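Below, each value reflects all heavy atoms present in this structure, side chains not excepted, and no hydrogens, waters or symmetry copies. Keep in mind it's a predicted model, so treat the numbers as computed, not measured.
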Amino acid sequence: MRSAETFLSRSQVYDPVAVLRRDGEILIVARVGMKASQRFMILTPEGEPAWPHQPHGSLSDVAWALRAHDWHQVTPEPAGQNTRAAKTLARLVSERA
């Protein structure tokens, strides 16, 4: 490795877990950090944070953020091989709607 920046950039993982689509808008919920991390971000398709108060420490926090920004009526679709996080998020969003 030539620099710490190279090491740090390789250690960061964006693992998409759910996609939300509404009226031509798309949001992506992704696990951030190492694979076992429980930190999440809500991203635009360009990879930018959708809102400034991120990352979130749980899917419950993500559900609250979606509700706060009027995305609670949109059902999250799985994005990736593991559908468990998307199903959990869908349940949490619907419970709070």
What I'd like to find out is whether the side chain of Trp51 reaches to under 4.5 Å of the side chain of Leu66, using heavy atoms alone. yes
Of all the heavy-atom pairs spanning Ala85 and Leu59, show the shortest one and how long it is. O-CD1, 3.6 Å
Could you check if a side-chain atom of Val93 sits within less than 4.5 angstrom of a side-chain atom of Glu95, using non-hydrogen atoms only? no
Smallest separation among heavy atoms of Leu92 and Ala63, with atom names: CB-CB, 3.8 Å
Does the Gln54 side chain pair with the main chain of Ile42, one donor and one acceptor, at a distance under 3.5 Å? yes
Side chain to side chain contact (heavy atoms under 4.5 Å, CB included) partners for Ala18, two or more places apart: Val29, Pro76, Ala86, Leu89
Residues in side chain to side chain contact (heavy atoms under 4.5 Å, CB included) with Ala30, at least two apart? Leu43
Value rounded to 0.5 Å, distance of CD1 in Ile26 from CD in Glu77: 9.0 Å
Are the aromatic ring centres of His69 and His72 under 6.0 angstrom apart? no
Among pairs that include at least one residue of residues 79-88, which meet salt bridge (charged side-chain N to carboxylate O under 4.0 Å, His left out), considering only residues two or more places apart or in two chains? none
State which residues pass side chain to side chain contact (heavy atoms under 4.5 Å, CB included) with Arg22; sequence neighbours excluded, sorted by chain then number. Glu25, Asp70, Trp71, Val74
Residues in side chain to side chain donor-acceptor pair (under 3.5 Å) with Glu46, at least two apart? Thr44
Less than 4.5 Å apart, side chain to side chain, heavy atoms only: is that true for Thr75 and Leu20? no
Pair listing, salt bridge (charged side-chain N to carboxylate O under 4.0 Å, His left out) test, anchored in residues 49-66, at least two apart: none
Nearest-0.5 Å distance, CD of residue Gln38 to NE2 of residue His56: 14.0 Å
